[in-house]
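Below, all heavy atoms of this structure are taken into account, side chains as well, without hydrogens, waters or symmetry copies.
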Amino acid sequence: MKVLSLHTSSDRGFPRPRVESFKLIAGYGIEGDRKAGKREQRAVLLLGKATYDHLESLGFDLPYGALGENMVLDLDPHTLEPGTKLWVGEALLEVALYCTPCKTLKDRYGPDFPQKLGRRRGMLARVLEGGIIRVGDGVTWV
């Protein structure tokens, strides 16, 4: 399992810009990200490639980052229970909770988009141990 894409921004809006790497800080989040330091259990939004595959099957041609995620993985994080710990690159994350679709998605992609997306928005995680994460890094369960 691996990281397919990384996204972060100090500004609001979607799609979030793609980056090749970023630094995670324990108890804080992604260095320089607009949501860093606000809510520890919502520090990083993990999304699976399966979400984009689902949306493509419905006719949505969206780039990675279009849903506001920080990481796109080649595994479906919706299969992970809260409390699951993952090593991603140099960092240790703990899956905290399901991310509900926000009003911004509805405004950008249409009033029925949240229903089409379903429960595929991603899983939010906290940073237990910081480190650098790069596109292509491995993802392993603890």
Side-chain angles (χ1 to χ4, degrees), residues 1-110 113-142:
M1 297 171 290
K2 67 180 180 176
V3 176
L4 300 176
S5 191
L6 294 171
H7 305 268
T8 185
S9 177
S10 60
D11 299 322
R12 291 184 61 91
F14 301 148
R16 295 187 110 197
R18 180 182 163 106
V19 297
E20 289 303 311
S21 65
F22 54 59
K23 181 179 180 180
L24 290 176
I25 301 169
Y28 183 75
I30 301 167
E31 184 176 68
D33 190 77
R34 76 176 195 83
K35 293 189 175 186
K38 293 184 179 173
R39 289 193 258 172
E40 184 180 347
Q41 69 179 4
R42 302 175 66 87
V44 182
L45 178 54
L46 308 173
L47 197 72
K49 180 183 178 299
T51 295
Y52 280 98
D53 293 343
H54 167 74
L55 291 171
E56 186 176 357
S57 77
L58 298 176
F60 290 94
D61 183 24
L62 301 175
Y64 288 160
L67 302 178
E69 72 277 9
N70 300 115
M71 287 187 219
V72 179
L73 308 173
D74 67 351
L75 68 99
D76 186 352
H78 297 100
T79 62
L80 306 174
E81 294 290 323
T84 301
K85 293 181 176 103
L86 301 171
W87 278 109
V88 182
E90 299 174 353
L92 180 62
L93 304 178
E94 181 181 45
V95 174
L97 55 111
Y98 166 74
C99 183
T100 57
C102 63
K103 183 181 181 310
T104 304
L105 292 174
K106 185 177 178 179
D107 293 345
R108 180 173 279 273
Y109 304 119
F113 187 79
Q115 290 77 25
K116 290 180 179 179
L117 181 60
R119 291 189 52 90
R120 295 178 180 88
R121 173 70 195 281
M123 296 297 283
L124 292 157
R126 67 177 46 106
V127 182
L128 299 179
E129 292 184 31
I132 304 295
I133 295 180
R134 295 172 182 83
V135 172
D137 278 351
V139 178
T140 56
W141 279 274
V142 174

Considering only heavy atoms from C-beta outward, does the side chain of Arg12 approach that of Thr104 to under 4.5 Å?
yes
Side chain to side chain, Leu124 and Lys35, heavy atoms closer than 4.5 Å
no
Passes side chain to side chain contact (heavy atoms under 4.5 Å, CB included), Met1 versus Leu86? Steps please.
CA-CA 11 Å; Met1 297 171 290; Leu86 301 171; over 6 Å; no
Answer yes or no: is there a side-chain heavy-atom contact under 4.5 Å between Leu46 and Val88?
no
To check you understand the geometry: which heavy-atom pair defines the closest contact between Ala91 and Leu24, and what is its length?
CB-CD1, 3.6 Å
Taking Thr51 for the side chain and Arg120 for the main chain, is one N or O donor matched with an acceptor at less than 3.5 Å?
yes
Which distance, rounded to the nearest 0.5 Å, do you find between the CG of Leu73 and the CG of Leu4?
7.0 Å
Min side-chain heavy-atom separation Glu90-Arg134 under 4.5 Å
yes
Value for OG (Ser5) from CD (Glu20), rounded to nearest 0.5 Å, stands at 8.0 Å
Between CG of Leu117 and CD of Gln115, what distance do you get to the nearest 0.5 Å?
9.5 Å
Sub-4.5 Å side-chain heavy-atom contact between Ile133 and Ile30:
no
Which of parallel (below 30°), tilted (30 to 60°) and perpendicular (above 60°) describes Tyr52 and Tyr64?
perpendicular
Can we say Glu40 and Lys38 salt-bridge, meaning some charged N sits less than 4.0 Å from an Asp/Glu carboxylate O?
no
Do Arg42 and Leu97 have side-chain heavy atoms sitting under 4.5 Å apart?
yes
Crowding at CZ, Arg18 (>12 non-hydrogen neighbours, <6.0 Å)
yes
Considering all heavy atoms, the nearest Met71-Leu6 contact:
CG-CD2, 3.4 Å
Around Asp107, counting heavy atoms of other residues, nucleotides and ligands shown, do more than 12 lie under 6.0 Å from its CG?
yes
Just by distance, do the side chain of Asp137 and the backbone of Val3 share a donor-acceptor pair under 3.5 Å?
no
With Val127, the side chain to side chain contact (heavy atoms under 4.5 Å, CB included) member among Leu92, Ile25, Val44:
Val44
Do His78 and Met123 have side chains that approach each other closer than 4.5 Å (heavy atoms only, starting at C-beta)?
yes
Polar side-chain atom of Tyr109 near backbone of Ala66 as donor-acceptor pair, under 3.5 Å:
yes
Passes side chain to side chain contact (heavy atoms under 4.5 Å, CB included), Leu67 versus Phe113? Steps please.
CA-CA 11 Å; Leu67 302 178; Phe113 187 79; 3.8 Å; yes
Arg16 and Arg34 have their tightest heavy-atom pair at NH2-CG, 3.9 Å
Least distance between heavy atoms, Asp76 atom then Thr79 atom
O-OG1, 2.7 Å
Would the distance check show the side chain of Asn70 and the main-chain N or O of Thr8 forming a donor-acceptor pair, the cut-off being under 3.5 Å?
no
Interatomic distance, Asp33 atom CG to Ser9 atom OG [nearest 0.5 angstrom]:
7.0 Å
Beyond-backbone contact of Glu69 with Cys99, side-chain heavy atoms, under 4.5 angstrom:
no
Between Tyr98 and Gly118 the two heavy atoms that sit nearest each other are OH-O, 3.4 Å
Measure across Ala43 and Gly29 and return the closest heavy-atom pair with its distance rounded to 0.1 Å.
CB-CA, 3.8 Å
